[in-house]
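Starting from 1, each residue takes its place in the sequence as its number. As the structure is a prediction and not an experimental result, all values here were calculated from the model. Basis for what follows: all heavy atoms, side chains included, without hydrogens, waters or symmetry-related copies.
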Amino acid sequence: MSLAPILLYPAFRYGAATPWGGDQLKTRYGKPAPDTRTGESLEMSVIPGLNSTDAQGTPLSELLARYGAQLTGTQITGEFPLLLKLLDAKQALSVQVHPDDAYAQAHENKLGKTEAWIILAAEPGAQLVYGLRPGVTRDMLRQAFETEAPLEPLLRFVPVQAGDVFYIPAGMVHAIGGGILLYEIQQSSDVTYRFYDWNRTDAQGNKRPLHIRQALDVVRPELQLEAVQPQPLPDAHCRRELLLDTPYFRVERLNDCQEVPFSAHPEAFSVLTALSDGQLSCPEGRLFCALPAGQTVLIPADCLPFTLSGGTFLISAPRA
């Protein structure tokens, strides 16, 4: 028997783990955030200790073991491929760079991390670190670290606003600035190399650890990307846009949905996140549920047909 769509409930990273976090996950989306510094709602996660769950509290990793290819799809093998977060940056995050699969497997025994951001809200003047300034080299970065010179002159800052889309391949220097709420999709990996944290200290005067050697190993200074331009897609039931089509994931945005029909895609699962209030109807399974803004739904590869109505949604899927 086909599976019904699965409402997902997040794990959280908060407090000292996200000193830059705020309270928008609670105030905007009604998430049961455990702290006023809750930076990450892990909407779909099998990271150990940070599993998302279904409505009954069953961890996603257990659901994967229970249903196998019926949930993930016939073309998804090996590790679960994706991690999805909502992220509230009240203050700037550290400047980071992530390894590719080869480096991460060799040095961390994990997947690498390519990711993307979709800006959901941004305060006036908000900005990202999105790569390095043109002409900056690995040797220039190394020299700045060795001499403890300011790093800001080497970084490329770009302004952002709600709706912007940014692709961050492995090796690209990046940082989320303060005053930004975003949707983050990435490979299912927790490998992060932090190489600058704005000289921040905690209440005891301690700085967070940096990973200079690893960051210099994997950084690709030549990556000079621009914000992604959405591409309209034909759809009689909504305004549909292709936001990202990468080697690891594909993301579409749906607006003004009027009973958009969905059916099973046996090759791979997909995941739906409501950005404004909507509803999901699955008549064959007699399922009808409201989808408040911020709710994420896992759509099994072998899924009962359903329809989607409401304002704005993001639909993501792995590249099978």
Side-chain angles (χ1 to χ4, degrees), residues 1-10 29 43-46 52-56 58 60 63-64 66-76 80-86 116 118 120 165 183-185 188 230-246 248-320:
M1 180 178 177
S2 297
L3 302 175
I6 300 170
L7 297 180
L8 291 178
Y9 295 87
Y29 295 128
E43 298 287 299
M44 184 182 69
S45 168
V46 294
S52 51
T53 72
D54 67 5
Q56 288 71 46
T58 307
L60 179 54
L63 295 173
L64 296 173
R66 180 184 303 172
Y67 296 114
Q70 189 180 18
L71 194 158
T72 58
T74 57
Q75 299 300 311
I76 303 300
F80 190 72
L82 295 180
L83 172 63
L84 193 156
K85 304 176 184 178
L86 298 178
I118 299 168
L120 305 180
V165 181
Y183 169 106
E184 178 178 276
I185 185 169
S188 182
Q231 302 298 316
L233 297 172
D235 195 309
H237 302 276
C238 66
R239 289 191 296 110
R240 186 184 291 256
E241 301 171 290
L242 175 63
L243 302 186
L244 295 152
D245 193 4
T246 80
Y248 298 99
F249 46 79
R250 177 184 173 95
V251 183
E252 297 179 5
R253 182 164 54 203
L254 282 59
N255 299 283
D256 304 325
C257 298
Q258 300 295 325
E259 296 192 352
V260 181
F262 285 83
S263 56
H265 293 278
E267 295 84 7
F269 71 93
S270 55
V271 58
L272 160 73
T273 299
L275 300 186
S276 57
D277 293 347
Q279 60 190 33
L280 183 152
S281 180
C282 191
E284 185 178 336
R286 296 184 296 280
L287 170 69
F288 175 87
C289 61
L291 298 179
Q295 178 66 58
T296 294
V297 183
L298 180 59
I299 304 171
D302 180 10
C303 187
L304 293 169
F306 68 94
T307 61
L308 184 66
S309 297
T312 301
F313 305 89
L314 296 174
I315 301 282
S316 301
R319 297 294 294 178

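The distance from atom OG1 of T53 to atom CD1 of I6, rounded to the nearest 0.5 Å, is 11.0 Å. To the nearest 0.5 angstrom, M44 atom CE is 7.5 Å from L60 atom CG. To the nearest 0.5 angstrom, L71 atom CG is 7.0 Å from L63 atom CG. One finds the CG atom of L83 at 7.0 Å from the CD atom of E184 (value rounded to the nearest 0.5 Å). A distance of 11.5 Å separates CG of L291 from CG of L275, quoted to the nearest 0.5 Å. Rounded to the nearest 0.5 Å, atoms OG1 (T72) and CG (L298) are 9.5 Å apart.
Residues L314 and I185 are not in side-chain contact: their nearest non-hydrogen atoms beyond the backbone lie 4.5 Å or more apart. For the pair T307 and H237, the minimum side-chain heavy-atom distance is 4.5 Å or more. For the pair Y9/Q295, a side-chain contact is recorded, criterion being any heavy-atom separation below 4.5 Å from C-beta on. Taking the side chain as every heavy atom from C-beta outward, D277 and P292 approach each other to under 4.5 Å. For the pair L280/F313, no side-chain contact is recorded, criterion being any heavy-atom separation below 4.5 Å from C-beta on. Proximity of F306 to P5: side-chain heavy atoms (C-beta onward) are separated by under 4.5 Å at one or more points. Using a 4.5 Å heavy-atom cutoff, the side chains of H265 and S270 are not in contact. Here the side chains of I76 and P81 are in contact, with some heavy-atom distance below 4.5 Å.
In this structure, L82 and P318 approach most closely via the heavy-atom pair CD1-N, 3.6 Å. Of all heavy-atom pairs between S2 and C303, the closest is CB-C, 4.0 Å. Residue E259 comes nearest to S309 through the heavy atom pair N-OG, 2.9 Å, listed as atom of the first residue, atom of the second, then distance.
With hydrogens and angles disregarded, no donor-acceptor distance shorter than 3.5 Å links the side chain of D54 to the backbone of L8. Of the possible donor and acceptor atoms, one in the side chain of T74 sits under 3.5 Å from a partner among the backbone N and O of P266. Side-chain N or O atoms of S276 include one that pairs as donor or acceptor with a backbone N or O of T312 at under 3.5 Å.
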*Can you list the steps and then say if F262 with L272 is a side-chain contact (heavy atoms from CB on, under 4.5 Å)?*
CA-CA 11 Å; F262 285 83; L272 160 73; 5.9 Å; no
*Given side-chain contact (heavy atoms from CB on, under 4.5 Å), test I118 with R253 step by step and report yes or no.*
CA-CA 10 Å; I118 299 168; R253 182 164 54 203; 4.3 Å; yes
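Residues forming a ring-ring contact (aromatic ring centres under 6.0 Å, His included) with F80 (at least two apart in sequence, or on another chain): F269.
For residues 302-314, no residue pair satisfies the salt bridge (charged side-chain N to carboxylate O under 4.0 Å, His left out) rule, not counting sequence neighbours. Identified under the salt bridge (charged side-chain N to carboxylate O under 4.0 Å, His left out) test for residues 306-320, with sequence neighbours left out: D245-R319.
Look at E241 and R239 and you find no salt bridge, because none of the NZ, NE, NH1 or NH2 atoms lies under 4.0 Å from a carboxylate O.
Between S45 and S52, the side chains place no donor N or O within less than 3.5 Å of an acceptor N or O (distance only, hydrogens not considered).
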